[in-house]
Amino acid sequence: MITDKNINPERDLYYLGGVLIEVLSKRETTEIDYLDLYRLFSQRQDITVNLYSLTLDWLFMLGLVTKSENGKIKKCF
């Protein structure tokens, strides 16, 4: 869910998107492999692959990430 009325905001896409943006912004390179990013993200945040994929979809819809020509995730900020 994008937002939820529960008491666990760490499961909302707004929060997770912010954490993922922080992970991406600390990297010097603009491209990263899907699974490498998941590994870095899961070290910071306890997350499933499904929720990670939804978070990436959210950032893609916002125009903050895109898919590069070689299939890697490319940050757009």
Legend entry - Interatomic spacing from OG1 in Thr30 to CZ in Phe77 - rounded to 0.5 Å: 10.5 Å

Legend entry - Any Tyr52 side-chain heavy atom under 4.5 Å of Ser42 side chain: no

Inset, instruction - Answer yes or no: is there a side-chain heavy-atom contact under 4.5 Å between Thr66 and Lys75? - result: no

Legend entry - Contact check, side chains of Ile32 and Leu40, non-hydrogen atoms, under 4.5 Å: yes

Legend entry - Reported CZ-to-NZ distance for the pair Phe60 and Lys67, which is rounded to 0.5 angstrom: 9.5 Å

Inset, instruction - Drop me the distance from Leu37's CG to Leu56's CG, to the nearest 0.5 angstrom. - result: 6.0 Å

Inset, instruction - Rounded to the nearest 0.5 Å, what's the gap from CD1 on Ile21 to CG on Leu62? Could you check? - result: 7.5 Å

Inset, instruction - Could you tell me the separation between the CG atom of Leu51 and the CG atom of Leu16, rounded to the nearest 0.5 Å? - result: 5.0 Å

Inset, instruction - Enter the distance from Ile73:CD1 to Asp33:CG here, rounded to the nearest 0.5 Å. - result: 7.5 Å

Inset, instruction - Test side-chain contact (heavy atoms from CB on, under 4.5 Å) on Val19 and Glu22 and set out the steps. - result: CA-CA 5 Å; Val19 173; Glu22 187 175 330; 5.6 Å; no

Legend entry - Heavy atoms of other groups near Glu69 CD, more than 12 under 6.0 Å: no

Inset, instruction - Would you please classify the geometry between the Tyr14 ring and the Trp58 ring as parallel, tilted or perpendicular, with 30° and 60° separating the classes? - result: perpendicular

Inset, instruction - Output all residues satisfying side-chain contact (heavy atoms from CB on, under 4.5 Å) with Glu31, sequence neighbours left out; order by chain, then residue number. - result: Ser68, Asn70, Lys72, Lys74

Legend entry - Evaluation steps, side chain to side chain donor-acceptor pair (under 3.5 Å), between Tyr38 and Ser53: CA-CA 9 Å; Tyr38 173 70; Ser53 294; over 6 Å; no

